[in-house]
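Here is the naming used below: chain letters follow the sequence lines, and residue numbers restart at 1 for every chain. Since the structure is predicted, the reported quantities are computational estimates derived from the model, not experimental observations.
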Protein chains: 2
Amino acid sequence: MKTTKKRSSDKKITLVDVADASGVSAITVSRVINQPEKVSESLRIQVQKAIDSLGYIPNQHASSLASSKSRVIGVAIPSLSNIVFTEVLRGIYEVMGAAGYKVLLVDTHYSPLEEEKMVRTLLSQSPEGLIITGGDQTKACQNFLQKARIPIVQIMELLADPIDMNVGFAHGRAGFDVVKHLLGQGYERIGFIGARMDPRVQQRMQGYKLALEQAGKFEKNYIVTTPEPSSIGVGGELFKSLMASTNGVVDAVFCVNDDLALGALFEAQRMNIRVPQDMAICGFNDIEAAEYVNPSLTSVSVGRYEMGVQASEMIIRVLNEKPIESKKVDMGYEIKKRASTSRL
Amino acid sequence: MKTTKKRSSDKKITLVDVADASGVSAITVSRVINQPEKVSESLRIQVQKAIDSLGYIPNQHASSLASSKSRVIGVAIPSLSNIVFTEVLRGIYEVMGAAGYKVLLVDTHYSPLEEEKMVRTLLSQSPEGLIITGGDQTKACQNFLQKARIPIVQIMELLADPIDMNVGFAHGRAGFDVVKHLLGQGYERIGFIGARMDPRVQQRMQGYKLALEQAGKFEKNYIVTTPEPSSIGVGGELFKSLMASTNGVVDAVFCVNDDLALGALFEAQRMNIRVPQDMAICGFNDIEAAEYVNPSLTSVSVGRYEMGVQASEMIIRVLNEKPIESKKVDMGYEIKKRASTSRL
DNA sequence: AAGCGCAATGATTGCGCTATCATCAGCATA
DNA sequence: TATGCTGATGATAGCGCAATCATTGCGCTT
């Protein structure tokens, strides 16, 4: 081993260094790393020893450039602080990690313009696949995505015209079903509380509206929304607003997610409104607290983790040129009927 | 989805394509993208037009390889599903995004071995900086990190001997202070509920133990823990165990995080144990629900978002060769005293 | 003994970009 | 006029790796 450089730890160690140290050619070292079965065992061990002792770490950029394979999957979600997305992410990381893919994650802050910028960022890493949220991309963004010629899954909602693949569930129908459930429990004046009002929330609201209209019980002023992000605090505030603006006639509230619903529930308790006797409260997403809070909270359960898994597996199948059953997967949902809406 | 399209759109568009299309040299196009102030306005516009019309997206791998600047920051956290880390992440994304860095995020599942593998993955992307959690790295991992010669921040806890920089707070002291608070409120037999038992949780437990020993009130069997991940459900179970194994003599519980505390609180309600009269419950992390639940939950508030911001800013300062005030930052904490521990 | 097939290894080339240095006009200075 | 200086642009040479094709050696067949 030559030590022309005294500070061997100063320079970055490359394939060639390992090759020199183990007396083979660079390409053989490359094979030891990427296709070990193509190298004889003795050489493999010899090279591996050199790799370990030098602490060699391959340069992924060089590898990607040479092979045009990045082993990167890009993921764009609207918000990092929303548990809904972090659970989807868990599913994605689980599957992608196991399959040897890195995940490059960006946060679009619910803005299509931001999303466009972020998608550019993702594409500049030459990802082999992309998972993005919803169908609200800008025209320019759609163009980029088309051109990329990589598998893309749009998640969270079902889209009429997906860019490539699509995994989600029907938010509108879920909202519709929630209202049917509340009506079935004998609640008559059903309010709606919404925050952030992204496309999926809007769909839930449309479902709510449709169901009430069909029942002849829709009242515009039973709807209270805010563009602010959801939180328990906001849920409490909106509940108070709803009560105030309707003089307390509302006897049920459909909250567009569980944070709002918990906020409404806790506020109702403070206002001495009995849930579910005098007031039904229904959430959405079925976070863990819904099951354990007192009274337990009715909510719409969605396979978030599974959605991440499903999207990832579809991409991997396509990358491995295996057939996929369908480009569009409806994950469904289930209304978990609990104490907070049970008057019967 | 390989449709038979015409050749032209088949090929990836490179710098040279843009150069040809706009009649300049490749390097000028590169300048328009990276140092636009070095190109005359007329040329700049001309080139930009070609970029837009071709839909050119730079290949970051080639760029990184040529410049040895990746604009990537690696981040390793133990769990994606823990709100504690996602809020830190938010801070990191906020600052790093604004500064033009991409974040490559990996999940170590609380395992140093996994972490070592993940750090290798991160390093193979030649990140310009690294944010990792805690100080529990394997020897090999520490070696890699030393060799990397990039700014590294270890976050969440304060370390005696950090690899490079360190941002966190004193978990042990926080645990100690919680117990002091409970004692001060007149609670005498203080239990402990812990899950997952990672190093930071252990430190909190040590603080708990120390405070009780000093007060002559430590009882080994007041401690109930599980290696399982924390959840509200587990919190309820552990609370039941604690009550059972101590015949209900315990009059306060320090839960190592708010999920466990909420679980304990909800379970106490179901068991008709009055909080705070007969039982104090204290959590940790001060998630939003703590403030709004009834009774409101005493918890230890920590600037998680701020910790992410701080760590990111330190890295950016170092990368810009600006001085940092200190390599070690104590973010502190605050015990939010609320109804669940207020007997006075 | 010649030829064949195959596994193991190596030499060369180029992925797309930027660092570096070179070039050249335009202009001010002496 | 000669000299230097500045700002704008270009030519060239790799960055570290893997695709591609070439080479070698060895066992086996005929």
I need the [atom1]-[atom2] distance between [X] and [N], as an integer number of Å.
| X | N | atom1 | atom2 | result |
| --- | --- | --- | --- | --- |
| A:Ile51 | D:dC17 | CD1 | P | 10 Å |
| B:Ile27 | C:dG16 | CD1 | P | 16 Å |
| B:His61 | C:dC15 | NE2 | C1' | 12 Å |
| A:Asn59 | D:dG14 | CG | P | 18 Å |
| B:Ile13 | C:dC17 | CD1 | P | 11 Å |
| B:Arg44 | D:dT9 | CZ | C1' | 14 Å |
| B:Gln60 | C:dC17 | CD | C1' | 10 Å |
| A:Lys12 | D:dG16 | NZ | C1' | 10 Å |

| task | Side chain of B:Pro58 only, please: which of C:dC17, C:dA19, C:dG10 is the nearest? | result | C:dC17
| message | Name the residue from A:Thr121, A:Thr138, A:Thr108 that meets the side-chain hydrogen bond (donor to acceptor under 3.5 Å, both in side chains) definition with A:Glu116. | response | A:Thr138
| query | Name the one of B:Ile73, B:Val72, B:Leu123, B:Val153 that satisfies side-chain contact (heavy atoms from CB on, under 4.5 Å) with B:Leu130? | reply | B:Leu123
| query | Closer than 4.0 Å, any side-chain N/O of B:Ser40 to the OP1 or OP2 of D:dT9? | reply |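 True: B:Ser40 side-chain N/O within range (under 4.0 Å) of D:dT9 OP1/OP2.
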| For D:dG16, does either OP1 or OP2 sit under 4.0 Å from a side-chain N or O belonging to A:Tyr56? | no
| task | Work out which heavy atom in A:Ser70 is nearest to a heavy atom in A:Ser64; give both atom names and the distance. | result |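 Heavy-atom minimum between the residues: CA-OG, 3.5 Å.
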| field | Smallest separation among heavy atoms of B:Val32 and B:Ile51, with atom names | value |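 Shortest heavy-atom separation between B:Val32 and B:Ile51 comes out as CG1-CD1, 4.5 Å.
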| request: Please figure out whether B:Ala26 or A:Ala66 has its closest DNA chain D nucleotide nearer the 5' end. | output: B:Ala26
| message | Nearest heavy atom decides the nucleotide; on that basis, is B:Ser25 or B:Leu65 closer to the 5' end of DNA chain D? | response |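 This one resolves to B:Ser25.
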| said: Categorize A:Leu15 for me: base, sugar-phosphate, or nothing, with a 4.0 angstrom heavy-atom threshold over every strand shown. | reply: sugar-phosphate
| task | Under 4.0 Å between any heavy atoms, over every strand shown, what does A:Ser63 touch: base, sugar-phosphate, or nothing? Just pick one. | result | sugar-phosphate
| task | May I ask you to decide if B:Pro78's main-chain N or O and B:His109's side chain share a donor-acceptor pair within less than 3.5 Å? | result |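 No.
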Residues, nucleotides or ligands: over 12 heavy atoms within 6.0 Å of [X] [atom1]:
| X | atom1 | value |
| --- | --- | --- |
| A:Lys328 | NZ | yes |
| B:Glu321 | CD | no |
| A:Gln35 | CD | yes |

| query | Is the closest side-chain heavy-atom distance between A:Val103 and B:Leu105 below 4.5 Å? | reply |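 Side-chain contact under 4.5 Å: no.
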| query | Over its full length, what angle do the end axes of the helix from C:dA1-D:dT30 to C:dA30-D:dT1 make, each axis taken from five pairs and the result rounded to 10 degrees? | reply |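 About 50°, once rounded to a multiple of 10°.
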| request: Anything under 30° is parallel, anything over 60° is perpendicular, the rest tilted; go ahead and classify B:Tyr110 against B:Phe85. | output: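 Ring orientation, 0 to 90° scale: perpendicular.
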| Residues within residues 28-39 of chain A bordering DNA chain C, heavy-atom distance below 4.0 Å |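 Correct list: A:Thr28, A:Arg31, A:Val39.
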